[in-house]
Amino acid sequence: HLYYQHNPYGSMWGNMHWGHSTSRDLVHWEAQPLALIPDVWGTMFSGSCVVDYENTAGFGRGAVVAVFASSRPTPFGGDVQAQSMAYSIDGGLTFTKYEGNPVITSEAHDFRDPKVFWNAEAGFWNMILAAGQEMQIYSSANLKEWKLESSFGREYGNHGGVWECPDLLKLPVEGSDQQKWMLICNINPGGPFGGSATQYFVGSFDGHTFTCESAPEVTKWMDYGKDHYATVSFSNAPDGRTVAMAWMSNWQYANQVPTRQFRSANSIARDLGLFEHNGETYCSVKPSPEMEAARGAVVSQPTEQCEIVVTLRGEAEITLRNNQGERVVMRYDPEEELFYMNRLQSGDVSFSDNFPTVTLAPTFGSIKQLRIFVDKCSIEALDADGKMAMTNLVFPTSPYNRLTIKGKAKAKIYNLGK
C-alpha cells in the first residue's frame with residue numbers, strides 16, 4: 001500500500017489529500033479511491049501507517065492505523081500543524097478518523113510528517129516527526145497517548161532548509177553481524193546541488209534517544225541526483241527487508257515541470273542497508289529484487305522504458321541520445337571515485353534555470369556494475385552493490401533510442417514491460 005500526497009483538484013500543490021495505490025510486485029500499481037480527505041482539523045499532510053497486530057489502540061486486532069499531520073490555516077496567516085490518527089478495519093482501503101484528534105499538538109511552526117513504528121526491543125511504539133530544524137522522538141503504548149522522549153539534530157548535518165519527512169530504521173551492516181540505526185532527514189532547500197534532497201545519520205537508538213556516531217559537521221546524502229526527496233520506508237516489508245521509495249522531483253521546479261495530467265512520480269523501489277568505508281558507515285541503496293523480475297526482452301538499443309546494465313572495468317562514458325540530438329552523458333571516474341550525470345542537453349530544460357545541471361556522486365570504492373533505469377522522464381542510476389545512487393528527471397522531446405559507451409565497459413539492455 002502506497003499512500004501519497006495528492007491534490008485531486010489541480011496540478012499545483014494544495015488541497016492535500018491522501019491518494020492511494022496498491023501493488024503486488026512493487027512495479028505495477030493500481031489506483032485506489034482516496035484514503036484521507038480534509039476535515040475540521042485541516043488538510044492531510046504526510047505521515048505513515050502501521051498494522052496494530054496486538055490491538056494496542058483498541059480499534060481491532062490487525063487494524064491499519066494511519067498517523068498524519070493535520071494542517072489548517074489561522075485567521076492571522078500561516079497554519080497550525082498537529083498530529084492526528086485514522087484507522088482502517090478493511091486492510092487499509094477505507095479509514096475512520098479518530099474522535100480524539102489531534103493526538104499531539106505543538107507551537108512549532110513546522111511540525112509534521114510523523115513516522116510510526118513498533119519498537120520490538122523496547123516493547124512500545126515510537127514516533128519520529130519533524131519540528132522546525134530538529135526531529136522529535138515520542139513513545140506510546142497505545143498509539144493515542146504520546147510522550148516526548150528526546151530531540152535530535154539542531155547541531156548535526158545540513159540545515160540549509162526545513163527538516164521534513166523523517167524515518168528511523170534499524171539496518172544490518174554488510175559484511176558483519178552488526179546492526180545500526182539510521183535516521184532519515186529530508187531537507188528543502190540545502191541539497192548538494194540545490195533544492196530538495198535526502199540526508200541521513202547513522203548511530204544508535206534505545207527507544208528514547210538517537211545518538212549519531214559521526215561528527216556533527218558530517219553530512220551524508222542518500223542520493224546525489226537533483227530529484228530524490230521525501231524518502232520513507234514501507235512498514236511490515238517481508239523477509240526483514242527495508243524497502244523505500246522517494247518522490248522524484250525538486251521544489252526548485254516541481255510546479256513548473258513540463259508534464260500533463262500528472263505533476264510528479266515516485267522512484268523505483270529500493271532496498272536499504274548499511275556498509276562501512278574508511279571508518280564511516282553509509283547507507284546502501286540497491287534496486288529492489290522485484291526490479292529484476294520486471295525485466296523483459298533483451299534489446300539492442302534503449303526503449304522508452306528500459307534497464308541498462310553496464311559492467312565496468314575502468315573509466316567509462318555512457319551516453320543516451322535521441323534523434324533530435326538531445327542527450328544525457330554519464331561518466332565514471334574510478335581514480336577519483338566519482339560518478340557524473342550531465343543533463344544540460346537532455347531535452348526541455350527551459351522551464352527553470354535550476355534544472356540544467358551536472359550532478360556528481362562519490363562511489364566509495366569502485367563500481368563493478370551500474371544499473372540505469374530509464375523511464376519517460378527520469379533516469380535512476382544505481383551501483384548494483386548499493387554504494388551510489390543518482391536520480392534525475394529528464395524531459396526529452398522523443399525517447400532516447402541510442403546508447404554509446406566509451407571506455408572499459410559493456411552494456412546489456414532490458415525492455416521494461418508496461
Side-chain angles (χ1 to χ4, degrees), residues 26-27 169-182 184 192 197-202 214 218 220-225 228 231 233 237 239-246 267-295 306-318 330-341 359-374 378-392 403 405 407-414 416:
L26 295 177
V27 177
L169 309 162
K170 191 175 186 181
L171 299 169
V173 181
E174 292 182 12
S176 75
D177 57 1
Q178 278 188 295
Q179 289 187 316
K180 296 183 179 181
W181 287 83
M182 180 174 73
I184 295 175
T198 304
Q199 68 176 327
Y200 65 91
F201 306 89
V202 178
S214 299
V218 173
K220 298 177 180 179
W221 301 107
M222 184 178 291
D223 188 291
Y224 280 83
H228 183 279
T231 312
S233 65
D239 305 321
R241 293 164 54 194
T242 298
V243 181
M245 293 175 73
S267 72
I268 62 167
R270 305 162 183 216
D271 278 29
L272 304 183
L274 297 171
F275 70 94
E276 294 180 336
H277 181 75
N278 292 342
E280 285 280 354
T281 306
Y282 296 96
C283 180
S284 166
V285 183
K286 298 179 182 180
S288 292
E290 286 79 3
M291 295 307 301
E292 287 190 39
R295 289 173 177 171
C306 64
E307 179 189 353
I308 304 170
V309 180
V310 183
T311 302
L312 295 160
R313 300 188 306 277
E315 186 174 1
E317 184 177 278
I318 304 156
M330 291 165 272
R331 186 165 65 87
Y332 169 55
D333 185 336
E335 288 192 9
E336 296 294 327
E337 296 187 356
L338 290 172
F339 178 80
Y340 300 80
M341 188 185 301
T359 54
L360 68 154
T363 62
F364 302 111
S366 62
I367 296 180
K368 298 176 183 177
Q369 187 181 88
L370 187 66
R371 298 180 64 185
I372 304 170
F373 295 88
V374 181
S378 62
I379 297 177
E380 300 172 72
L382 296 93
D383 170 23
D385 290 332
K387 295 181 293 183
M388 187 280 301
M390 184 177 289
T391 303
N392 282 317
L403 174 70
I405 295 180
K408 299 177 180 179
K410 61 181 181 178
K412 194 172 187 177
I413 307 172
Y414 297 91
L416 295 179

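Using a distance-only test at 3.5 Å, with no hydrogens or angles considered, no donor-acceptor pair links the side chain of Thr242 to the main chain of Leu272. Checking side-chain atoms of Lys220 against main-chain N and O of Thr281 turns up a donor-acceptor pair under 3.5 Å. Although no hydrogens or angles enter the test, the distance criterion places no donor-acceptor pair under 3.5 Å between the side chain of Ser284 and the main chain of Leu274. A donor-acceptor contact shorter than 3.5 Å is absent between the side chain of Asp385 and the backbone of Lys387.
In terms of heavy atoms, Tyr414 sits closest to Val309 at CE1-CG2, 3.8 Å. Minimum interatomic distance between Tyr332 and Thr363 (heavy atoms only, all atoms of both residues): CE1-CG2, 4.2 Å. Looking at every heavy atom in both residues, Pro192 comes nearest to Ala197 through CD-CB, 3.7 Å. Shortest non-hydrogen contact noted between Ser288 and Asp271 is OG-OD1, 2.7 Å. The shortest heavy-atom contact between Gly365 and Glu337 is N-OE1, 3.2 Å. Shown here for Met388 and Pro362, the closest heavy-atom pair between the two residues is CG-O, 3.7 Å.
By the ring pair (Phe, Tyr, Trp, His ring centres under 6.0 Å) test, Tyr282 is found to be paired with Phe275, Phe364, residues two or more places apart in sequence or in another chain being considered. Residues passing the salt bridge (Lys or Arg N to Asp or Glu O under 4.0 Å) test with Lys180 are Glu213, Glu276, sequence neighbours excluded. By the side chain to side chain donor-acceptor pair (under 3.5 Å) test, Lys170 is found to be paired with Glu121, residues two or more places apart in sequence or in another chain being considered. In this view, Glu336 satisfies the salt bridge (Lys or Arg N to Asp or Glu O under 4.0 Å) rule with no residue, not counting sequence neighbours. Scored by the salt bridge (Lys or Arg N to Asp or Glu O under 4.0 Å) test, Glu290 finds Arg241 as partners (sequence neighbours excluded). Every residue was checked against the ring pair (Phe, Tyr, Trp, His ring centres under 6.0 Å) condition with Phe339, not counting sequence neighbours, and none meets it.
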Exercise for review: Apply side chain to side chain contact (heavy atoms under 4.5 Å, CB included) to Asp223 and Arg270, showing your working.
Suggested key: CA-CA 11 Å; Asp223 188 291; Arg270 305 162 183 216; 3.1 Å; yes
Practice item. Go through the steps for Met390 and His228 under the test side chain to side chain contact (heavy atoms under 4.5 Å, CB included), then give the verdict. Key: CA-CA 8 Å; Met390 184 177 289; His228 183 279; over 6 Å; no
Review point. Hey, mind stepping through Lys412 and Arg295 against side chain to side chain contact (heavy atoms under 4.5 Å, CB included) and telling me if it holds?
Key: CA-CA 11 Å; Lys412 194 172 187 177; Arg295 289 173 177 171; over 6 Å; no
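How far CE of Met245 is from OG1 of Thr231: 10.5 Å, rounded to the nearest 0.5 Å. Atoms CG and CD1, from Leu312 and Ile318 in turn, are 5.5 Å apart once rounded to the nearest 0.5 Å. Summarising the geometry, atom CD belonging to Gln199 is positioned 10.5 Å from atom CE belonging to Met222; distances are rounded to the nearest 0.5 Å. Going from atom CZ of Arg313 over to atom NZ of Lys410 covers 6.5 Å, rounded to the nearest 0.5 Å. Here Tyr340 contributes atom OH and Tyr224 contributes atom OH; the two are 13.0 Å apart, rounded to the nearest 0.5 Å. To the nearest 0.5 Å, the span separating CD1 on Ile308 from CG on Leu370 amounts to 9.0 Å.
When each of Glu380, Lys286, Glu307 is checked for a side chain to side chain contact (heavy atoms under 4.5 Å, CB included) with Arg371, only Glu307 meets the rule. Just one of Leu382, Val310, Leu403 meets the side chain to side chain contact (heavy atoms under 4.5 Å, CB included) condition when paired with Ile372; it is Val310.
Side-chain contact annotation: Ser267 with Thr391, donor-acceptor N/O pair under 3.5 Å absent.
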